[in-house]
Each structure stands twice: as structure tokens, then as C-alpha cells.
Amino acid sequence: MASRTAGSLTWRIVDPLTSLAPLRPHRLSALCSRQCSSKQAPRQDKKPKRSPFRPAPSSTHDWIGPPNPLSNLRPIVYHIPENETELEKRLRHLRQETEDWNHDFWTKQNITFSKEKEAFIISQLKAKGLTVRDEQGRRRSLNSEEMAVFYKSFLDKNRIRHANYNNEWYRRNFTITLLMARVALNNMWKTVTNRHSGKNNSTPPT
């Protein structure tokens, strides 16, 4: 699979094998967040929106956008093959729906993580009699041992939610894999049938 960049978007050329690559599982980290860094996701209470620019689906390649600032996932616009069959359409819709579902989950997860992390840091600094910023205006922080308390608490509190996410993730990918296998078999059968028909048509009458 080849890929190229156009502006802030990347497109990948589709071939019969790579276009059917399954969605890659996203493992939950010890912090239970795709953020997993010192940077905080923007705090927004209203439902986050993706980039207003979404290119029209192509017949030859998928569009892959830059990482979303909230979910940290790259949005994808899947290509629509020429003469798309009902089975291929079902597969494309399920992949797109799964990608959107994954984006929504990690957006909410990262926002919750950031808010609770911020509240924990402020409460710990307050317990020490410290303000959020020092005399020079620099933001105070906690050491790794202190933050480990929050990470473990966040993990324990969201354990069931993460387990449900994993179960749904693998259920969706199992269905997608089955559909991809059916599409691949149909395409293979179509190729064999077309070749056989072509040989019969080219055979001179006896």
C-alpha cells in the first residue's frame, strides 16, 4: 500500500489486499487514556466536532486526516469502489461506523481523564497549602509517585467501562473480518469466472 500527502490529508492507494486490512486493536494503557502524556486535551463540555472539511469519498483510495485533538485518532473517509456490491457497501458502512464509535469513546475518555487529573492535582496542591502556580507564575506539578495514586484510582474506577469497550471492539472486528473474507472470496470467484468466460469466448469453433 502506497501513501501520499496532500495538504493536511493523506491518501492511500487501495489494492485488493491492503484495502481489506482489519482495524488494528487499540490497547488500553495503564493510564486508560489515549492521551498518555503531560499534555491535556482541550476542556469542552459540548459534544466535540471533527474538522468541518471532509473530502468526498474516492473510488481508488481512502482519505486519512490529521489526529483529532480530543480523541488523538486519525479520521478516515473510506473509498467507495466502482460498481460497489451490497456486501462491500455493508463492510464499508460497518468500518466507518466502528471508526466513528471509536472516536466518540476516546474523546469522552480523554476529556474525563483530563478533568479528573486536573482536579486531583489541584486537591493535592491545596492539601499541601500550595497554589496551582508558584511565585514566578510557573505551574506546579506532582511527582510520579503522587500521580501514580491517581492513575491507579482512575483505572480501578473505569475497569468495567474499559472491559465493555474491549468486548465491543473485538465483536466489531470479528464481524468486519468475516465480511472482508466474504468480499475477498466473492472477488476471487468473480475473477476466476471472468477469466473462464474470456477463454471460452476466445476459443475458435471446431
Side-chain angles (χ1 to χ4, degrees), residues 1-29 34 47-110 161-206:
M1 176 180 68
S3 63
R4 299 182 182 179
T5 302
S8 60
L9 292 172
T10 300
W11 59 267
R12 56 186 179 190
I13 300 175
V14 175
D15 63 57
L17 295 179
T18 58
S19 64
L20 297 181
L23 294 169
R24 185 166 46 190
H26 296 86
R27 300 178 181 175
L28 291 169
S29 68
R34 279 197 164 273
K47 187 175 181 180
K49 297 181 180 179
R50 295 194 179 201
S51 170
F53 174 70
R54 291 179 69 81
S58 167
S59 62
T60 58
H61 54 265
D62 299 333
W63 285 107
I64 305 176
N68 184 277
L70 297 178
S71 68
N72 290 335
L73 297 175
R74 291 180 177 273
I76 301 175
V77 176
Y78 291 100
H79 77 287
I80 302 180
E82 294 182 1
N83 304 319
E84 184 180 40
T85 65
E86 284 300 318
L87 189 61
E88 290 174 328
K89 184 176 181 180
R90 181 182 170 191
L91 171 60
R92 177 172 58 84
H93 283 176
L94 180 57
R95 295 181 76 188
Q96 192 71 66
E97 179 190 346
T98 299
E99 197 255 331
D100 294 339
W101 164 80
N102 205 31
H103 163 80
D104 290 339
F105 176 87
W106 285 110
T107 293
K108 295 173 183 177
Q109 176 75 358
N110 287 345
R161 183 166 182 256
H162 296 152
N164 292 337
Y165 165 83
N166 278 336
N167 291 336
E168 178 65 12
W169 176 259
Y170 287 113
R171 184 193 70 79
R172 285 173 176 269
N173 274 274
F174 180 74
T175 304
I176 288 173
T177 302
L178 288 180
L179 287 176
M180 288 192 300
R182 292 178 60 186
V183 169
L185 287 175
N186 285 351
N187 291 339
M188 187 183 302
W189 177 253
K190 187 185 301 182
T191 300
V192 172
T193 303
N194 291 340
R195 287 180 179 176
H196 183 69
S197 299
K199 287 183 178 179
N200 289 341
N201 294 335
S202 62
T203 302
T206 57

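Bear in mind that the values here come from a model prediction, so they are computed numbers and not experimental data.
We find the CZ-CH2 distance between Phe174 and Trp169 to be 16.0 Å, quoted to the nearest 0.5 Å. Within the model, atoms CD of Glu168 and CG of Asn102 stand 10.5 Å from one another, a figure rounded to the nearest 0.5 Å. Of the inter-residue distances, the one linking Leu179 atom CG with His93 atom NE2 reads 12.5 Å to the nearest 0.5 angstrom. Taken to the nearest 0.5 Å, the CG atom of Asn187 stands 5.5 Å off from the CD atom of Glu88. In this structure, the separation between CZ on Arg182 and CG on Leu91 is 10.5 Å, given to the nearest 0.5 Å. The CG atom of Asp100 sits 10.5 Å away from the CG atom of Leu73 when rounded to the nearest 0.5 Å.
Although no hydrogens or angles enter the test, the distance criterion places a donor-acceptor pair under 3.5 Å between the side chain of Gln96 and the main chain of Ile76.
Arg161 CZ: more than 12 foreign heavy atoms inside a 6.0 Å radius. The 12-atom threshold is exceeded at CZ of Arg172, counting heavy atoms of other residues, nucleotides or ligands nearer than 6.0 Å.
Counting heavy atoms from C-beta outward, Val183 and Leu87 have side chains that approach closer than 4.5 Å. Using a 4.5 Å heavy-atom cutoff, the side chains of Asn186 and Thr85 are not in contact. With a 4.5 Å cut-off on side-chain heavy atoms, Leu70 and Trp106 do not count as touching.
Checked against the 6.0 Å centroid threshold, His103 and Trp101 do not count as a close aromatic pair.
Ring pair His162/Phe105 is perpendicular by interplanar angle, where above 60° counts as perpendicular and below 30° as parallel. Using cut-offs of 30° and 60° for the angle between ring planes, the Trp63 and His61 rings count as perpendicular.
For the residue pair Pro75 and Pro66, the shortest heavy atom distance occurs at CD-O, 3.1 Å. Across all non-hydrogen atoms, the minimal contact from Glu84 to Lys89 is OE2-CA, 3.4 Å.
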